[in-house]
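Proteins get letters first, then strands, A, B, ... in listed order; numbering begins at 1 in each.
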Number of protein chains: 2
Amino acid sequence: MGQLKVLKTKEQVTCLECSARRYAWFKPCSKETLALHQERRTSQSHLAVGEYLFMEGEKPRAVYTLQDGWVICFKSLANGQRQILHIGLAGDFLGYRVNFDEPIDYSIMAITDCTICAFSEQSIDRLLQEDIQLTKRLFEIHSEASKVCRTNLSYVGQSTAKLKVAFFLNKMLHRLKERGADINNPVYFPLTREEIADAIGITSVHLCRISVELRRSKIVDCRHNRLEILDYKKLGTLASAVF
Amino acid sequence: MGQLKVLKTKEQVTCLECSARRYAWFKPCSKETLALHQERRTSQSHLAVGEYLFMEGEKPRAVYTLQDGWVICFKSLANGQRQILHIGLAGDFLGYRVNFDEPIDYSIMAITDCTICAFSEQSIDRLLQEDIQLTKRLFEIHSEASKVCRTNLSYVGQSTAKLKVAFFLNKMLHRLKERGADINNPVYFPLTREEIADAIGITSVHLCRISVELRRSKIVDCRHNRLEILDYKKLGTLASAVF
DNA sequence: AATACTCCTTAACAAATGTTAAAACTCACG
DNA sequence: CGTGAGTTTTAACATTTGTTAAGGAGTATT
């Protein structure tokens with residue numbers, strides 16, 4: 001777990017034909033912008049499980065689109081704990097910040113094999129100058145991410161372990177559904193107990209207790225890289241006890 | 001607690017002469033921008049303790065600068081809890097979002113009497129068109145706020161009550177220091193146990209235990225609207241056990 | 001099918017945090 | 001300077017969550 005970043009170039013796919021386009025951040029972009037975007041693309045590469053896209057404190061001079069795979073964005077604390085801030089799914093825009101001279105405040109690691117497109121600092125700057133709509137779109141993405149972070153802070157700070165799990169899984173399910181997953185059947189779900197626990201601020205052992213409870217009460221079954229809803233309504237009720 | 005918003009107009013002060021300018025978000029703005037900013041200002045008003053600037057779910061058609069006083073920004077949960085997201089101090093930029101058509105996802109309430117400047121949606125839009133630097137500045141502010149939110153999520157999710165308190169108070173002290181407070185003496189600190197507890201995700205009774213402990217071990221003394229550091233170094237050590 | 005590896009589960013116990021209620025304290029106001 | 005409202009503290013107890021360690025189940029590899 002946790003090698004240095006290794007980006008190997010892969011066969012190229014156009015942005016227009018990108019498998020992630022229909023749910024990606026650049027979905028609303030015009031064909032013209034898309035063409036520009038593609039022209040500016042620095043590389044399209046591969047990241048294996050456990051490899052880092054970048055680490056907290058680095059100054060990656062690029063931003064990324066996750067074309068395929070799962071990543072975790074997380075902060076490491078001085079006490080050895082980590083807080084997972086975001087589960088990156090296909091189509092997510094990763095690593096953007098206003099000031100590239102400042103070190104980034106979180107790390108990104110692949111938890112499955114990933115295909116990632118990179119855009120250099122310069123190419124993004126030019127892109128933004130050429131398309132004012134894109135600036136707005138970027139601001140929107142940033143704004144949406146802030147909102148999600150506020151929501152996460154709220155439920156992590158103010159609810160019980162059981163509600164945290166329900167809310168987290170429910171949110172993940174909706175994100176997967178948006179990406180075309182069939183929620184009525186078991187879906188691929190490569191998060192371990194450890195990772196879910198670190199995302200919601202409990203220990204993996206305690207998460208395990210709750211997972212078993214949720215399974216036994218026939219609400220969700222989540223283990224071994226798969227997630228299955230057993231009672232969509234009950235899960236929703238639990239999740240909406242938070243918001 | 002918690003009346004409807006009441007904005008009463010007050011004697012006007014120019015942005016250039018604003019008491020909050022030296023630590024406000026618009027500090028780095030040029031005189032020209034400042035003049036524009038001031039020209040666009042919709043109103044300068046007063047908010048009494050317990051009054052709301054806006055409530056979650058509303059669509060306030062303005063953004064605000066807190067000239068003087070303290071506010072809390074918070075989300076209310078379905079289970080009756082609230083998560084305080086941010087303690088607003090003089091100079092803070094409040095309520096900004098990209099899309100004014102969407103309801104806002106948190107509330108702002110005054111916890112002391114406040115003086116607040118409002119800028120209408122239209123005036124902000126025009127301002128941004130007229131000064132591209134301001135757009136960048138706004139993006140920076142937004143970006144900084146996201147970063148703070150990530151930090152908050154991390155320590156709320158991953159540390160013990162004692163470390164949370166130390167980290168929170170330490171952070172507040174630094175913010176007050178930036179605003180000219182003399183940290184070597186007791187400073188005005190109008191947060192109640194309830195409010196601090198809701199900011200760091202513990203109960204007020206438990207917070208009380210820890211406050212007493214921190215006072216007895218001569219680290220900080222925080223109660224009755226005042227905050228006094230007893231041992232700056234020890235507080236720093238505790239706080240840096242988090243990051 | 002045996003092996004090794006990782007991940008998940010269980011259990012017993014410890015520690016941290018929440019709950020409730022009452023008492024003590026502080027401060028503003030009359 | 002006494003009163004009362006709001007805030008802080010204390011205490012006893014309940015509950016949730018963390019810790020440690022061991023065993024079980026799943027998965028990939030031989």
Side-chain angles (χ1 to χ4, degrees), chain A residues 1-2 48-50 70 72 77 79-83 111-113 155-166 168-169 186 188-217 220-228 241, chain B residues 1-2 48-50 77 79-83 111-113 155-166 168-169 186 188-217 220-228 241:
Chain A
M1 276 300 164
V49 180
W70 292 49
I72 52 174
L77 280 78
N79 59 11
Q81 311 266 88
R82 74 174 169 182
Q83 173 68 43
I111 58 167
T112 70
D113 286 0
Y155 86 85
V156 168
Q158 305 294 336
S159 67
T160 61
K162 187 173 177 182
L163 292 187
K164 288 184 193 183
V165 176
F168 176 83
L169 292 180
Y188 175 60
F189 197 76
L191 296 176
T192 63
R193 294 271 176 266
E194 207 69 56
E195 283 153 355
I196 298 174
D198 285 349
I200 66 182
I202 63 173
T203 59
S204 60
V205 175
H206 193 52
L207 169 60
C208 196
R209 288 184 196 120
I210 289 162
S211 299
V212 171
E213 185 191 337
L214 289 175
R215 174 148 23 94
R216 298 223 170 113
S217 49
V220 275
D221 184 350
C222 168
R223 53 188 167 151
H224 302 127
N225 294 348
R226 58 185 267 307
L227 173 62
E228 182 179 8
Chain B
M1 276 299 162
V49 180
L77 281 76
N79 58 12
Q81 311 267 87
R82 74 173 169 184
Q83 173 68 43
I111 57 167
T112 70
D113 287 0
Y155 86 86
V156 167
Q158 306 293 336
S159 67
T160 60
K162 188 174 177 182
L163 292 188
K164 289 183 192 183
V165 177
F168 176 82
L169 293 181
Y188 175 61
F189 197 76
L191 297 176
T192 64
R193 294 271 175 265
E194 208 68 56
E195 284 152 355
I196 299 174
D198 285 349
I200 65 182
I202 62 175
T203 59
S204 61
V205 175
H206 193 50
L207 169 61
C208 195
R209 289 184 195 120
I210 289 162
S211 300
V212 171
E213 185 191 338
L214 289 175
R215 173 149 22 94
R216 298 223 171 115
S217 49
V220 276
D221 184 351
C222 168
R223 54 188 164 151
H224 301 127
N225 294 349
R226 58 185 268 305
L227 173 61
E228 183 180 7

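B/Arg209 is linked by a salt bridge (Lys or Arg N to Asp or Glu O under 4.0 Å) to nothing, counting only residues two or more places apart in sequence or in another chain.
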Every protein N/O lying under 3.5 Å from an N/O of nucleotides 10-14 of chain C:
{"from": "C/dT10", "atom 1": "OP1", "to": "A/Arg216", "atom 2": "NH2", "distance (Å)": "2.5"}
{"from": "C/dA12", "atom 1": "N6", "to": "A/Arg209", "atom 2": "NH2", "distance (Å)": "3.4"}

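The side chain of A/His224 sits closest to C/dC8 out of C/dC8, C/dG18, C/dT9. Distances were taken from every side-chain heavy atom of B/Thr203 (C-beta onward) to each of C/dG18, C/dC8, C/dT17; the shortest belongs to C/dG18.
Note that OG1 of B/Thr203 and CD of B/Glu194 are 9.0 Å apart. Values are rounded to the nearest 0.5 Å. From B/Thr192, atom OG1 reaches atom CD1 of B/Ile111 across 7.5 Å, with rounding to the nearest 0.5 Å. Separating the CG atom in A/Leu163 from the CG atom in B/Leu77 is a distance of 9.5 Å, to the nearest 0.5 Å.
Rounded to an integer number of Å, the gap from CZ of A/Arg223 to P of C/dT9 is 6 Å. In this structure, B/Asp113 places its CG atom 13 Å from P of C/dA28, rounding to the nearest Å. Following rounding to the nearest Å, B/Leu207 (CG) and D/dT10 (P) show an atom-to-atom distance of 13 Å. Regarding A/Ile210, its CD1 atom lies at a distance of 14 Å from the C1' atom of C/dT9, rounded to whole Å. Rounding to whole angstrom units, CZ of residue A/Phe189 and P of C/dC7 are separated by 15 Å. Going from atom CG of A/Leu214 over to atom P of C/dT9 covers 11 Å, rounded to whole Å. Rounded to a whole Å, the CG atom of A/Asn79 is 14 Å from the C1' atom of D/dG18. If you measure from atom CG of A/Leu163 to atom C1' of D/dT16, you get 13 Å, rounded to the nearest angstrom.
Along DNA chain D, the nucleotide closest to B/Ser204 and the one closest to A/Ile202 are compared, and the more 5′ of them pairs with B/Ser204.
The two residues B/Arg193 and B/Arg223 come nearest to each other via the heavy atoms NH2-CB, 3.7 Å. Considering all non-hydrogen atoms of both residues, B/Ala197 and B/Leu207 come closest at N-CD2, 3.6 Å. Residues A/Asp198 and A/Gln83 approach most closely at O-NE2, 3.4 Å, considering heavy atoms.
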